[in-house]
Amino acid sequence: MASAGHSVSKMSEETFDFICTACDRENKTAEAVRYCVECSGYCCQPCTDIHKKFPTLNNHNLLDVSQGNQAGKQRTRLPEFPTERCDTHQGKLLDMYCGKHDVVGCHICLSKDHRSCPDSQIFSISDMIDKLFNLMKSKETHNRLRDMVGSITTHCDSNDVRLASLLEAKNAALQKVAKFQKALEAAVKKAVEMSKKEIEDLYKKLEEEILQDNADVKNTRDVLQSTSDKLKKAEANRAQRFVCTKLAEALMENADDQVSKRKLKNLTDVQLSFTPNQSLMEYINGLHGIGEVVRSTEKRTDLYKIKGSKDINTRLTDDFQVCNSCFLFGCCLTLDNNQLLLTDYMNKKLKRFDINTMMMVDNCKLDGTPCGVCCTSTDEAVVACVAANMIQFVSIDKKMTPTRHIKMSHHCYGIATKDDKLYITDNGSSLYMYDMTGNLLKTISQDNTGNKLFLYSRHITFNESGNNMYVGNFSNSIVCFDDAGNYLSNCKDNDLRYTDDVCVDGRGNIFVVGYGSHNVVQFNEDGKKIGVIIKQQDGLQSPRSVCFHQKLNRLFVSMSKSDVLKMYELE
């Protein structure tokens with residue numbers, strides 16, 4: 001114990017049994033030697049001396065260790081009183097405890113909010129502190145509090161780093177904008193100079209034509225004038241006049257022919273004009289910027305956790321009226337991320353679910369039994385119809401409507417699109433690559449050493465950059481390819497049985513559904529398992545397809561033989 005009245009900074013590691021209340025308010029730590037009943041606070045030696053200086057404080061009852069008798073036993077330390085004040089009733093001490101609700105409060109709090117509590121559960125903290133206080137629990141609470149403060153501090157530090165990184169990213173983006181602006185200005189200036197040069201070149205060409213024509217006309221005029229002068233001078237010489245007349249007739253015939261030809265030319269033929277490219281101006285005016293601004297996220301390396309879940313009923317009134325009639329085999333988000341497309345295998349429908357209203361809003365009938373689905377544009381989707389051996393294009397602009405279809409020579413189960421190419425699995429041993437008109441570009445069924453890749457090839461997805469492709473293989477794995485379809489690796493884990501669908505989170509993670517293990521497992525892009533996110537006890541039974549909404553952190557999972565679409569809020 002330090003000497004009386006010793007004061008130190010809050011940063012000091014020195015501790016005291018009782019701290020001066022007044023000094024504590026000034027962010028100082030001083031050892032208390034008295035307790036003032038009237039001030040309801042502890043006093044260090046200097047604060048005790050102040051009580052003696054002022055008449056209004058001189059009569060305050062200052063308790064010391066000798067005045068803390070309890071049950072006939074003298075205390076060896078100051079009496080223990082709480083010094084914390086009530087936030088609701090300013091100035092009142094938090095000196096009461098309700099055992100029924102395990103809360104502390106001031107006299108007013110307990111008289112108002114705990115009047116129904118039995119008197120045997122209401123205690124004065126100072127009187128009952130020996131029974132109420134639990135040292136181990138207090139230490140445990142302090143440790144938890146310290147850990148929580150440390151965790152929050154770490155989070156704050158992380159946010160500081162994120163803010164610095166965000167500022168750096170903003171400045172880098174602005175520099176790119178400025179650089180692109182200069183490039184645009186240079187390109188526009190170049191285009192302007194080209195138009196100016198084109199005008200100058202055409203002007204020079206037309207000017208030369210006019211000047212040459214003018215020179216020819218003047219030469220003809222001079223010859224005619226000379227002939228006319230000769231003819232006039234030869235009035236007395238009939239022989240000379242005859243010759244001059246014949247020469248003049250020939251010259252006039254030739255000149256008349258030239259003049260006639262020139263008269264056919266309209267003077268406007270040599271005019272010059274400039275017509276601005278209005279479509280270019282309209283295009284520029286229609287732009288919302290000179291590039292795309294997106295929120296990019298760093299890679300996530302930890303396991304997602306379930307924050308909450310919701311069951312969404314996908315049954316429609318005209319669906320088959322039997323128990324669990326919907327077989328939701330596939331799902332995908334529209335490109336604006338506002339809607340979710342679902343394939344109902346049993347009812348032969350493509351269904352549309354609105355993310356914002358959380359309602360089923362549309363559906364359309366299909367000729368074949370649908371499995372996989374993906375979007376080719378903002379207003380078109382394509383569905384793989386397994387038994388019909390075809391892919392069906394569907395307009396999703398307003399009312400969903402089937403449009404064209406392409407017949408294939410194999411089953412069509414999973415489907416994905418990238419760079420105007422279609423990737424289709426056959427629920428068998430192969431993955432196929434087509435162009436958008438149905439021309440086969442490549443068939444993939446073996447790895448680099450000639451081994452069979454698939455037992456049953458299922459759903460397909462690409463990572464955020466589009467560099468890697470992942471295909472569910474019903475033999476407990478996912479098969480990884482590059483964007484050209486070259487085999488990279490095979491990822492499997494004991495927690496996965498009968499893998500069906502796969503999707504990505506845009507932050508370096510892959511979600512894989514285990515149809516037989518009734519779960520969703522999280523992998524990183526290198527194929528290393530991070531952990532199981534959703535288990536059977538989380539309400540998952542025979543999952544078929546999975547889709548992740550990056551902005552909302554929502555994972556949608558459909559199940560076999562079920563009308564329910566599971567939505568999990570992740571954090």
**OP:** Please check if atom CE in Met358 has more than 12 non-hydrogen atoms from other residues, nucleotides or ligands closer than 6.0 Å.
**Re:** yes
Subject >> Distance in Å, Lys492 NZ paired with Arg497 CZ, rounded so as to fall on 0.5 Å steps >> reply: 14.5 Å
Subject >> Shortest non-hydrogen contact from Cys547 toward Leu340 >> reply: SG-CD1, 3.9 Å
Subject >> Carboxylate-amine/guanidinium contact Glu569 Lys310, below 4.0 Å >> reply: no
Original post:
How many angstroms lie between atom OG1 of Thr301 and atom NZ of Lys528, to the nearest 0.5 angstrom?
Top reply: 9.5 Å
**OP:** Would you check if Glu571 and Asn553 make a side-chain contact, meaning some heavy-atom pair closer than 4.5 Å?
**Re:** no
Original post:
Val546 versus Leu555: any side-chain heavy-atom pair under 4.5 Å?
Top reply: yes
Original post:
Is it true that Arg458 and Asp501 have a side-chain N and a carboxylate O under 4.0 angstrom from each other?
Top reply: no
Subject >> Test side-chain contact (heavy atoms from CB on, under 4.5 Å) applied to Tyr498 and Asp500, step by step >> reply: CA-CA 6 Å; Tyr498 305 134; Asp500 202 330; over 6 Å; no
Original post:
Are the side chain of Thr21 and the backbone of Gly41 linked by a donor-acceptor contact shorter than 3.5 Å?
Top reply: no
Original post:
Heavy atoms, side chains only, cut-off 4.5 Å: are Tyr42 and Phe81 in contact?
Top reply: yes
Subject >> Separation of Met360 CE from Leu565 CG (nearest 0.5 Å) >> reply: 8.0 Å
Give the table of side-chain donor-acceptor pairs shorter than 3.5 Å for residues 535-543, with sequence neighbours excluded, one pair per line with atom names and distance.
{"from": "Gln536", "atom 1": "NE2", "to": "Gln541", "atom 2": "OE1", "distance (Å)": "2.8"}
{"from": "Asp538", "atom 1": "OD2", "to": "Lys535", "atom 2": "N", "distance (Å)": "2.8"}

Subject >> Under 3.5 Å: donor-acceptor pair, side chain of Thr461, backbone of Cys503 >> reply: no
Subject >> Name of the residue among Val502, Asp505, Asn468 meeting side chain to side chain contact (heavy atoms under 4.5 Å, CB included) with Ile510 >> reply: Val502
Original post:
Where do Val532 and Leu303 come nearest, in terms of heavy atoms and distance?
Top reply: O-CD2, 3.9 Å
Original post:
Any chance the side chains of Asp95 and His107 put a donor and an acceptor closer than 3.5 Å?
Top reply: yes
Original post:
Are any of the side-chain heavy atoms of Val520 and Phe548 separated by less than 4.5 Å?
Top reply: no
**OP:** Please answer whether the main-chain N or O of Asn337 pairs with a side-chain N or O of His549 as donor and acceptor at a distance below 3.5 Å.
**Re:** yes
Original post:
CD1 of Ile534 to CG of Leu570: how many Å apart, nearest 0.5 Å?
Top reply: 6.0 Å
Original post:
Checking Arg507 side chain against Gln550 main chain: does a donor-acceptor pair fall under 3.5 Å?
Top reply: yes
Original post:
Backbone N or O of Gly514 within a donor-acceptor pair of the His518 side chain at under 3.5 Å?
Top reply: no
Original post:
Just wondering, do Tyr470 and Asn463 contact through their side chains at under 4.5 Å, heavy atoms?
Top reply: yes
**OP:** Look up atom CD1 in Ile122 and atom OG in Ser111, then write down how far apart they are to the nearest 0.5 Å.
**Re:** 10.0 Å
Original post:
Looking at Lys349 and Asp319, does any basic side-chain N land under 4.0 Å from a carboxylate oxygen?
Top reply: yes
Subject >> Over 12 foreign heavy atoms within 6.0 Å of NZ, Lys112 >> reply: no
**OP:** Establish, from distance only, whether the side-chain atoms of Asp49 and Gln45 form a donor-acceptor pair under 3.5 Å.
**Re:** yes
Original post:
Cys374 and Cys332: which non-hydrogen atoms are nearest, and at how many Å?
Top reply: CA-SG, 3.7 Å
**OP:** Output yes when a side-chain donor or acceptor of Arg34 lies under 3.5 Å from a complementary backbone atom of Asn61, and no otherwise.
**Re:** no
Original post:
If every non-hydrogen atom of Phe54 is compared with every non-hydrogen atom of Ile50, which pair is closest and at what distance?
Top reply: CD1-O, 3.3 Å
Original post:
For Arg300, which residues count as a salt bridge (charged side-chain N to carboxylate O under 4.0 Å, His left out) partner, sequence neighbours excluded?
Top reply: Asp302
Original post:
Do Phe180 and Lys182 pass the side-chain contact (heavy atoms from CB on, under 4.5 Å) test, and can you show the C-alpha distance, the side-chain angles, and the key distance before you say yes or no?
Top reply: CA-CA 5 Å; Phe180 191 60; Lys182 289 182 179 179; over 6 Å; no
Subject >> Over 12 foreign heavy atoms within 6.0 Å of CG, Asn313 >> reply: yes
Original post:
Do Phe511 and Tyr304 make the cut of ring centroids closer than 6.0 angstrom?
Top reply: yes
Original post:
Side chains of Thr425 and Val471: closer than 4.5 Å at any heavy-atom pair?
Top reply: yes
**OP:** Please lay out, stage by stage, how His60 and Cys39 fare under the test side-chain contact (heavy atoms from CB on, under 4.5 Å).
**Re:** CA-CA 8 Å; His60 282 199; Cys39 293; 3.4 Å; yes
**OP:** Please check if the side chain of Asn519 supplies one atom and the backbone of Asp495 the other of a donor-acceptor pair under 3.5 Å.
**Re:** yes
Original post:
Would you call the rings of Phe481 and Tyr487 parallel, tilted or perpendicular, where under 30° means parallel and over 60° means perpendicular?
Top reply: perpendicular
Subject >> From CA spacing to verdict: side chain to side chain donor-acceptor pair (under 3.5 Å), Ser477, Asn490 >> reply: CA-CA 7 Å; Ser477 69; Asn490 200 332; 2.9 Å; yes
**OP:** Identify the heavy atoms of Val373 and Gly330 that sit nearest to each other, and give their distance.
**Re:** CG1-C, 4.2 Å
Original post:
With side chains defined as the heavy atoms from C-beta onward, is the minimum distance between Arg554 and Ile355 less than 4.5 Å?
Top reply: yes
**OP:** Go through the steps for Ser558 and Ser545 under the test side chain to side chain donor-acceptor pair (under 3.5 Å), then give the verdict.
**Re:** CA-CA 5 Å; Ser558 72; Ser545 65; 2.5 Å; yes
Subject >> Asn171 (side chain) donor-acceptor with Leu167 (main chain) under 3.5 angstrom >> reply: yes
**OP:** Scan Asp344, Asp362, Thr314, Asn363 and name whichever one has a side chain to side chain donor-acceptor pair (under 3.5 Å) with Lys351.
**Re:** Asp344
**OP:** Please work out whether the ring planes of Phe329 and Tyr345 are parallel, tilted or perpendicular, with thresholds of 30° and 60°.
**Re:** parallel
Original post:
Does CZ belonging to Arg115 count more than 12 external heavy atoms closer than 6.0 Å?
Top reply: no
Original post:
Under 3.5 Å, is there a donor-acceptor pair between the side chain of Asn524 and the main chain of Asn509?
Top reply: no
**OP:** Mark yes or no: Arg544 above the aromatic ring of Tyr515, with NZ or CZ under 6.0 Å from the six-membered ring centre and no more than 45 degrees from the axis.
**Re:** yes
Original post:
Heavy-atom count around Phe353 CZ within 6.0 Å, excluding the residue itself: above 12?
Top reply: yes
**OP:** Please name the pair of heavy atoms, one in Ile19 and one in Ala32, separated by the smallest distance, quoted to 0.1 Å.
**Re:** C-CB, 3.9 Å
**OP:** Given side-chain contact (heavy atoms from CB on, under 4.5 Å), test Cys36 with His51 step by step and report yes or no.
**Re:** CA-CA 9 Å; Cys36 180; His51 274 71; 3.5 Å; yes
Original post:
Which distance, rounded to the nearest 0.5 Å, do you find between the CG of Leu110 and the SG of Cys117?
Top reply: 7.5 Å
Original post:
Do Ile108 and Lys92 come within less than 4.5 Å of each other through their side chains, counting heavy atoms only?
Top reply: yes
